[in-house]
Amino acid sequence: MTSVFHSYITGCGMSVPDQVVTNDDLSKSLDTTDTWIVERTGIRARRRAGPSDTVASLGTVASQRALEDAHVLARDIDAIILATTSPDHFMPATATKIQANLGAQQAFAFDLQAVCSGFVYALSVADQFIRSGHSKTVLVIGADLMSRMVDWTDRSTCVLFGDGAGAVVLQSTNERGAGILSTHLFSDGTAYDKLYSDVEAETPQHRGKIIMNGRSVYVRAIEVMAASVRTALEQQHLSVKDLDWMVAHQANKRIIDAVAHDLGLPEDKAICIIDSYANTSAATIPMALAVASHDGRIQKGNLIALTAMGAGFTWGSALARW
């Protein structure tokens, strides 16, 4: 009888730069205040990369911590998937640098770009590698240096973003009802111009300024993230009442609260770390998983919904039994 493989998360890790930039720090150069930012976003501080910080360096440390948490050696990794909007170079893939840093020479490695939805997309791809029997252990990373993509004179965008990396180890199991139950991916290219970077301004040191129609992004994010969670639950014949936690992309606390409200989920069941780290794009969900699993909120057996929306628009969800 052919074995049916499923994937489950066995370890989490995160890494952020040392420099903390508070709202008060930003108010010294912008027409803004701590109160204005907190009321509109829930953000109080963010981390900002220093000259020596790279996506590869942060991604490597997050990966090492995830491997340690999973009790997995680098030599046992079959694949490395890095979700990032801000690779260290246009080529080669930054994932290969992380592979070299880890000493995981037997693993294949590649980057995936779906902006803030990137981690959910990468998790879905990794899950398929394991379900097919192609791979047994996959390292999935979300890492971004958004501080190098924002216009620091534009208060409507620069206050929202931070830098960081998160990683999870995904391994195979044949235990029914465990691990990643399903993943669901969507996109709508007609909304391409609602959130994008000014590519004409791109250089190796500057990825182009982020340009955003904030209202359009806000409304659509609530709608599609809630819908994608419902899709995941319905496929598994589960309801919102079965959820222990929702880990949504950390773009704005008001969005996270609104998604929870739309679903009928108590706000205290929505993991939120945005106050300390802001929006780290593809890194927000794995960072939140690392924080909440290590502080004891997420427990074995918990049912968790992951959901995100990013530029493109891209969005998606994953349902997992921890």
Side-chain angles (χ1 to χ4, degrees), residues 7-14 16 42-43 62 66 69 83 114 116-124 126-127 140-144 162 164-170 179-185 221-222 224-233 236 238 240 242-310 314-322:
S7 61
Y8 68 112
I9 295 171
T10 58
C12 303
M14 63 172 282
V16 292
I43 299 167
D69 190 44
C116 296
S117 305
F119 179 78
V120 172
Y121 270 59
L123 189 72
S124 180
D127 180 54
V140 185
I141 310 160
D144 271 306
V168 302
V169 177
L170 213 60
I180 307 299
L181 304 181
S182 65
T183 62
H184 307 269
L185 306 179
I222 296 167
V224 301
M225 287 200 291
S228 70
V229 172
R230 287 195 186 93
T231 297
L233 290 168
Q236 297 298 314
L238 296 167
V240 172
D242 295 309
L243 281 178
D244 293 293
W245 298 105
M246 178 183 74
V247 182
H249 169 53
Q250 310 283 298
N252 185 312
K253 189 176 188 302
R254 290 168 63 196
I255 292 176
I256 297 170
D257 290 346
V259 172
H261 177 75
D262 191 312
L263 290 169
L265 183 75
E267 288 182 10
D268 61 3
K269 286 193 173 186
I271 302 294
C272 191
I273 64 168
I274 195 171
D275 58 329
S276 299
Y277 300 109
N279 181 351
T280 54
S281 192
T284 68
I285 289 178
M287 285 174 59
L289 286 173
V291 170
S293 63
H294 294 159
D295 69 17
R297 276 178 287 178
I298 296 178
Q299 298 283 331
K300 183 174 175 58
N302 283 175
L303 182 67
I304 304 167
L306 312 180
T307 184
M309 190 196 86
T314 62
W315 68 94
S317 64
L319 197 63
R321 181 73 67 181
W322 202 255

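This is a predicted model, so every value here is computed, not measured. We're numbering straight along the sequence, starting at 1.
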Q: May I ask you to test the L243-L319 pair for a side-chain heavy-atom distance under 4.5 Å?
A: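 Of all side-chain heavy-atom pairs linking L319 with L243, at least one is under 4.5 Å.
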
Q: Looking at T314, is its backbone amide N or carbonyl O close enough to the side chain of S117 to form a donor-acceptor pair, meaning the two atoms are under 3.5 Å apart?
A: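 Yes: the side chain of S117 pairs with the backbone of T314.
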
Q: Which pair of non-hydrogen atoms, one from A308 and one from C116, has the smallest distance, and what is that distance?
A: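 Minimum heavy-atom separation between A308 and C116: CB-O, 3.7 Å.
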
Q: In this structure, are over 12 heavy atoms from other groups packed under 6.0 Å from H294 atom NE2?
A: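 Above 12, so yes.
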
Q: Find out whether L170 and I9 are in side-chain contact, i.e. whether some heavy atom of one side chain is under 4.5 Å from a heavy atom of the other.
A: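 Result yes, sub-4.5 Å side-chain heavy-atom pair found.
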
Q: Which pair of non-hydrogen atoms, one from A62 and one from A165, has the smallest distance, and what is that distance?
A: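 So the two residues come closest at CB-O, 3.8 Å.
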
Q: Can you name the closest pair of heavy atoms from Q299 and N302 and give their distance?
A: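 Result for this residue pair: N-OD1, 2.8 Å.
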
Q: Within this structure, what is the CD1-CD1 distance for the pair I256 and I271, rounded to the nearest 0.5 Å?
A: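 Spacing of CD1 (I256) from CD1 (I271) equals 10.0 Å.
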
Q: Using a 3.5 Å distance criterion without hydrogens, assess whether the side chain of R321 forms a donor-acceptor pair with backbone atoms of G179.
A: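 No; zero donor-acceptor contacts below 3.5 Å.
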
Q: Distance from W245 atom CH2 to L303 atom CG, nearest 0.5 Å?
A: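 If I round to the nearest 0.5 Å, the distance is 12.5 Å.
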
Q: Rounded to the nearest 0.5 Å, how far does CG of D69 lie from SG of C12?
A: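 Answer for the SG-CG pair, C12 versus D69, is 6.0 Å.
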
Q: How long is the straight-line distance from NE2 of H184 back to CG of L306, given to the nearest 0.5 Å?
A: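 Result: 11.0 Å between the selected atoms.
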
Q: Show me, pair by pair, the donor-acceptor contacts under 3.5 angstrom made by side chains of residues 225-233, not counting sequence neighbours?
A:
unit_1: S228; atom_1: OG; unit_2: V224; atom_2: O; d: 3.4
unit_1: S228; atom_1: OG; unit_2: M225; atom_2: O; d: 2.9
unit_1: S228; atom_1: OG; unit_2: T307; atom_2: OG1; d: 3.0
unit_1: R230; atom_1: NH1; unit_2: D262; atom_2: OD1; d: 3.4
unit_1: R230; atom_1: NH2; unit_2: D262; atom_2: O; d: 2.8
unit_1: R230; atom_1: NH2; unit_2: D262; atom_2: OD1; d: 2.4
unit_1: T231; atom_1: OG1; unit_2: A227; atom_2: O; d: 3.0

Q: Find the distance between CG (D244) and CZ (R297) and round it off to the nearest 0.5 Å.
A: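 The distance works out to 13.5 Å.
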
Q: Would you mind reporting whether M287 and Y277 have side-chain heavy atoms less than 4.5 Å apart?
A: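 A side-chain contact exists here, since the closest heavy-atom pair is under 4.5 Å.
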
Q: Would you name the heavy atoms of G118 and A282 that are closest together and state the gap between them?
A: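 For G118 versus A282, the nearest heavy atoms are CA-CB, 4.5 Å.
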
Q: List the residues meeting side chain to side chain contact (heavy atoms under 4.5 Å, CB included) with D257, not counting sequence neighbours, and say none if there are none.
A: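 Residues passing side chain to side chain contact (heavy atoms under 4.5 Å, CB included) with D257: K253, E267.
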
Q: Just by distance, no angles: are the side chains of T284 and H249 close enough, under 3.5 Å, to form a donor-acceptor pair?
A: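 Short answer, yes.
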
Q: Locate the shortest heavy-atom distance separating A283 from G164; write the atom from each residue and the value.
A: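 Scanning both residues completely, I find the closest heavy atoms to be CB-O, 3.4 Å.
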
Q: If I compare all heavy atoms of A126 with all of V140, which pair ends up nearest, and what's the gap?
A: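 In this case the closest contact between A126 and V140 is CB-CG2, 3.5 Å.
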
Q: Can you list the steps and then say if I255 with I222 is a side chain to side chain contact (heavy atoms under 4.5 Å, CB included)?
A: CA-CA 6 Å; I255 292 176; I222 296 167; 4.1 Å; yes

Q: Can you measure from CG (L123) to CD1 (I180) and round to the nearest 0.5 angstrom?
A: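 Rounded to the nearest 0.5 Å, the CG-CD1 separation comes out at 4.5 Å.
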
